[in-house]
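Both ligands and their constituent atoms are indexed starting at 1 by order of listing.
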Amino acid sequence: MKGLILCAGRGTRLRPLTFSQPKPLLPVANKPVLVYALEQLARTGIDEIGIVINPFQEGIIHNHIHRVKPRNVSVTMIHQERPRGIADAVRQAEDFIGQDRFLLLLGDNLIQQSLNGLKQDISRSGKNGSLMLARVNNPREYGIASIEGDRIVRLEEKPESPRSNLAVIGAYAFDSRIFNAIHQISPSARGEYEITDAIQWMIDHGCSISYSLTDQHYSDVGTVSRWLEANHWKLNELTAGRSIIAPTSTVERSTIIDPVIIGEGCTIIDSTIGPYVSMEEGVKVDRCRIRNSILLEKARLERISTPIDRSVFGRHVRVGCLPSGEVSGQFILGEGSSLSLYAGSSASGKL
Ligand SMILES: Cc1cn([C@H]2C[C@H](O)[C@@H](COP(=O)(O)OP(=O)(O)O[C@H]3O[C@H](CO)[C@@H](O)[C@H](O)[C@H]3O)O2)c(=O)[nH]c1=O
């Protein structure tokens, strides 16, 4: 059995952060989302994995993955020239998959549940496909399944009037009949080849599609609030509720509120950090209070007197108060941004 991870989307909802860094490399608890997917497939016993990327991401993703991928796993990069839908992305991998069965993960989704149930459905139970489902409060934002017994009988992509709250959360298992289906479908109203249409085609043509229902955590790191949510549960999971501070980092006259993860070479002075903060390497924080936030590599925050909450600071971002201004609100700052706040200013919102 092989594995396939899709990473060729545009990442538009995370701009400006995704202008300089592909979405699958954005970190959750200091580890890129894509690495979680690779590790999860490896834990399921899969050692041949294809990653579908946009060709312009090849260099950066390739370099990164070959440094951090599990040792026993071989990775093949597959190109999708334009993001024309999930089914189109899978089609690009047809030669790589051949006649094998495979597990498919969306590269921006984090799923806590093991993939063993999906794997067994198509290897031992003889199903043609199987999907991971979860009950959601916002079914209009997902592919939604209708079930009968242990089978899916109908799927709809982001329906106006959902028939259930059982959402497809981005983990799938298929045999090679999925390719027959993909060759038959047409683009949807939004111009994409939808994987839900391909699976519906399989159902309509006698294939058996089952499901695993999970009540464990999952997140699609597609918007800032979902990214922060993913950081929250992954920090709990990875740190067991405590804090991890790299030995090369310095913390002086500061309070750390668990759980927090602080990468190599960070400097924290006269600050309160946490809970639920992750900092990549080389971050500097001086006289700030930060909670529920993500600071990417070498971000620098100084003398911000108002608490910072639910914010993301891109790589090399600099924010400073001169000399001690009052600020409030949420900051979404892309790589290289520089923001100076003056006493009495009231900056807020997305920049
Ligand atoms: C459209 C497209 C997407 N992708 C990759 C990028 C993302 O990692 C991943 C998901 O793409 P998105 O466009 O964000 O998909 P999204 O609108 O969230 O919806 C999908 O993911 C949802 C779960 O998050 C499912 O409930 C939906 O049925 C499914 O269609 O697939 C590609 O590699 N190529 C593409 O052409």
Ignoring hydrogens and angles, state whether a donor on the side chain of Ser210 or Asp150 is under 3.5 Å from an acceptor on the partner side chain.
-> no
Show your working on salt bridge (charged side-chain N to carboxylate O under 4.0 Å, His left out) between Lys31 and Glu39 and close with a plain yes or no.
-> CA-CA 11 Å; Lys31 194 196 282 191; Glu39 289 177 350; 2.8 Å; yes
Do Asn138 and Glu141 get their side chains close enough for a donor-acceptor pair, meaning under 3.5 Å?
-> yes
Identify all N/O pairs between ligand 1 and the protein with a separation under 3.5 Å and present them as a table of atom names and distances.
from: ligand 1; atom 1: 8 (O); to: Leu6; atom 2: O; distance (Å): 3.2
from: ligand 1; atom 1: 8 (O); to: Gly107; atom 2: N; distance (Å): 3.4
from: ligand 1; atom 1: 8 (O); to: Asp108; atom 2: N; distance (Å): 3.3
from: ligand 1; atom 1: 8 (O); to: Asp108; atom 2: OD1; distance (Å): 3.2
from: ligand 1; atom 1: 17 (O); to: Lys158; atom 2: NZ; distance (Å): 2.6
from: ligand 1; atom 1: 19 (O); to: Lys158; atom 2: NZ; distance (Å): 3.3
from: ligand 1; atom 1: 24 (O); to: Asn109; atom 2: ND2; distance (Å): 3.2
from: ligand 1; atom 1: 26 (O); to: Gly143; atom 2: N; distance (Å): 2.8
from: ligand 1; atom 1: 26 (O); to: Val168; atom 2: O; distance (Å): 2.6
from: ligand 1; atom 1: 28 (O); to: Gly143; atom 2: N; distance (Å): 3.2
from: ligand 1; atom 1: 28 (O); to: Glu157; atom 2: OE1; distance (Å): 2.8
from: ligand 1; atom 1: 28 (O); to: Glu157; atom 2: OE2; distance (Å): 3.4
from: ligand 1; atom 1: 30 (O); to: Glu157; atom 2: OE1; distance (Å): 3.2
from: ligand 1; atom 1: 30 (O); to: Glu157; atom 2: OE2; distance (Å): 2.9
from: ligand 1; atom 1: 33 (O); to: Ala8; atom 2: N; distance (Å): 2.7
from: ligand 1; atom 1: 34 (N); to: Gln80; atom 2: OE1; distance (Å): 2.7
from: ligand 1; atom 1: 36 (O); to: Gln80; atom 2: OE1; distance (Å): 3.3
from: ligand 1; atom 1: 36 (O); to: Gln80; atom 2: NE2; distance (Å): 3.1
from: ligand 1; atom 1: 36 (O); to: Arg84; atom 2: N; distance (Å): 3.1
from: ligand 1; atom 1: 36 (O); to: Gly85; atom 2: N; distance (Å): 2.8
from: ligand 1; atom 1: 36 (O); to: Gly85; atom 2: O; distance (Å): 3.2

Just wondering, more than 12 heavy atoms not from Asn63 lying within 6.0 Å of its CG?
-> yes
Salt-bridge present (Asp258, Arg242; N to O < 4.0 Å) = no
In the hydrophobic clustering (ILVMFWY, side-chain contacts below 4.5 Å, transitive), which residues join Tyr276, or is it alone?
-> Leu235, Ile244, Ile261
